[in-house]
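Structure first, commentary second.
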Amino acid sequence: MIWIFTVLLGGMGMGFSLTAASSLSFLAWVSLVPLFLVIRPRSSPEGIGTVRPAFAAGALTGTGMSLVAWFWIPGSIASLSHGRWSLGIAVLGAITVFWAVALGLFAVANTLIRRWISARVRSSAADCILPWIAASLWILLEFALTVPVVAFGFPFLPNLGNTQWNVPSLIQIASLTGVLGVSFLIVLINAALAAALRTRQWRTLLPALALLALVWIGGWLRIQAADRAPQETASPIRVAVLQGDIPPFPKFERVQGNLLAQRYLDLARKASEARPNLVIWTESAVPWALEEGDDLVETALKITQPAQACHLVGTLFRAPGGPTNAFHSTAFLILPDGQIVAQYHKMRLIAMAELPVNLPGVTH
C-alpha cells in the first residue's frame, strides 16, 4: 500500500535530519507529515485511523528513522570487537525495535486523542487543536525517555530539536525550554502542515507559523543584543572545535590513518588562523590509543604554536598495568609545549559499544 511506503520514507527523512548534516536539517520540518496524514480519524474514506494501522505507521516511521540515523552501529561495534558483526547487528536491531514501538505508541496515542476530540468538537476546530496536542505528546515522549536513555548509557535519543543546531536564531529558545522547546516547534509545524494538506484549509497552519516566526525573531533580537552588549574587561577566550566529519567505517581502519590525520591537521591549520586559546577535538577524533609523542598531536601542536593554543583531545587510552585489550575513552588537556596537565576517563559509557563485555578479545 502507498501509505506504507510514504511513512517509511518519512521516517528515513527524520533519520537523515538526525545525522546532523546541515544540508539535511530541513527534513525534520516535514518528515512527520506522512505519519500525521495516515493517523486521521476513523471516518476517513480509506478507513485508516484505527489503532492497528496507526501503530503500524508509527512503527514503520521509527524503523526508517533508526536504520538511517544509526546505520553505522554494526560496523563500529564490529571494529571495536574484532569483527563481531553479529553483535553490532543485534544492537542496531534492538535500537530499531525500541524506536518502532515508541513511535508506534506515539501514533496510537495521537489516534485515540484525535478520535475523542473529533467526537466532541467540530472538525475544523479539531484540526486547529490537534497539532498542539501532537507536539505536546512528542515532547512528553522525549522527556519520558531521557531518564532511562541516560541511565543505561543509551545515547540514541531522537531529539528533533538537535537537528536545528545550525540555526542560531531559532535555537535561542533552548535557553528557556531546553531542546524540548525546539522539538515542540518542529512537531507542531509537521502536524499543522499535515492538517492543512488534509483539509486544504491553510489557516490551520497560521498559528504554528506565527509561533515559529515569533521564536525566530526573538532569537535574532537576542543575538543582536548580545553582539551590542559591552565587552567584559577580561580577555575573551577563543575556542576552536575540530570536527573531521569522517564516516565511522574508515575511522577504524588502520589503512585510513593517514587520511584521518591529514583531515585533522588541515582543520588545525584553518583553526590557527583565528589564533584560538583552546582547540577541542571530538571524542573519537583519534581512534587509536594515544601514546606519548604521538606524531598527529605533536604536529598539530606545532601548527597552533604561534597562537599558544592548548588542546583538548579525545582518544583511547590503555590503562598502565591493565589488560592489553582494556582501554578508557579519555580526554587529555595538552599545553602548547606538549605537556599533559589533566585527563578525564569517560564515566557514563555507551551500552554494548563501550561497556565491558564477557567476550574473548573484545576491547572496551
Side-chain angles (χ1 to χ4, degrees), residues 18-22 25 72 76 150 153 155-157 159 161-168 171-172 174-175 178-179 223 226-227 231-232 234-248 250-252 256-318 327-350 353-354:
L18 288 167
T19 60
S22 58
S25 60
W72 49 269
S76 298
V150 173
F156 309 109
L157 178 65
N159 286 114
N162 291 337
T163 64
Q164 305 306 303
W165 63 270
N166 59 331
V167 189
I171 62 177
Q172 295 305 307
S175 63
V179 68
I223 293 174
D227 290 340
Q231 298 293 325
E232 299 287 342
S235 300
I237 296 177
R238 293 181 178 271
V239 178
V241 179
L242 307 186
Q243 170 54 272
D245 193 24
I246 299 174
K251 184 179 291 187
F252 291 98
Q256 299 288 339
N258 289 336
L259 171 65
L260 182 148
Q262 191 58 52
R263 178 74 61 85
Y264 277 94
L265 292 178
D266 290 341
L267 289 172
R269 291 187 183 93
K270 186 176 181 179
S272 65
E273 297 174 2
R275 302 189 68 81
N277 303 105
L278 177 65
V279 178
I280 299 177
W281 301 49
T282 55
E283 177 186 3
S284 59
V286 184
W288 57 76
L290 185 66
E291 304 288 349
E292 187 175 353
D294 186 280
D295 291 342
L296 174 59
V297 177
E298 282 196 347
T299 305
L301 286 169
K302 290 178 182 178
I303 291 173
T304 59
Q305 181 64 31
Q308 287 293 290
C310 300
H311 287 247
L312 185 62
V313 181
T315 181
L316 299 176
F317 174 68
R318 182 182 289 110
F327 296 87
H328 294 284
S329 181
T330 303
F332 291 98
L333 179 61
I334 307 175
L335 297 183
D337 61 1
Q339 181 184 359
I340 297 176
V341 293
Q343 65 184 47
Y344 172 79
H345 299 317
K346 187 175 181 180
M347 301 298 293
R348 194 174 294 277
L349 304 179
I350 299 175
E354 294 178 335

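Here the structure is a predicted model, which is why all the values come from computation and not from measurement.
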Point-to-point distance, once rounded to the nearest 0.5 Å, from CG of Leu267 to OG of Ser272
11.0 Å
Table please: side-chain donor-acceptor pairs of residues 300-308 below 3.5 Å, with sequence neighbours left out.
{"from": "Thr304", "atom 1": "OG1", "to": "Ala300", "atom 2": "O", "distance (Å)": "3.2"}
{"from": "Thr304", "atom 1": "OG1", "to": "Leu301", "atom 2": "O", "distance (Å)": "3.4"}
{"from": "Thr304", "atom 1": "OG1", "to": "His311", "atom 2": "NE2", "distance (Å)": "2.8"}
{"from": "Gln308", "atom 1": "NE2", "to": "Gln305", "atom 2": "O", "distance (Å)": "3.2"}

Examine distances only and state if a side-chain atom of Gln164 and a backbone atom of Ser25 form a donor-acceptor pair shorter than 3.5 Å.
yes
Search all heavy atoms of Thr163 against all heavy atoms of Asn166 and return the closest pair with its distance.
O-OD1, 3.8 Å
With sequence neighbours excluded, residues passing side-chain contact (heavy atoms from CB on, under 4.5 Å) with Ala271
Ala240, Leu242
Does Asp337 use its side chain to pair, donor to acceptor, with the backbone of Gln339 at less than 3.5 Å?
yes
Just one of Gln262, Lys270, Arg263 clears the side chain to side chain contact (heavy atoms under 4.5 Å, CB included) bar with Asp266, so which one?
Gln262
Measure the spacing between CG of Leu312 and OH of Tyr344 and express it to the nearest 0.5 Å.
12.0 Å
State whether the number of non-hydrogen atoms from other residues, nucleotides or ligands found under 6.0 Å of Arg238 atom CZ is greater than 12.
no
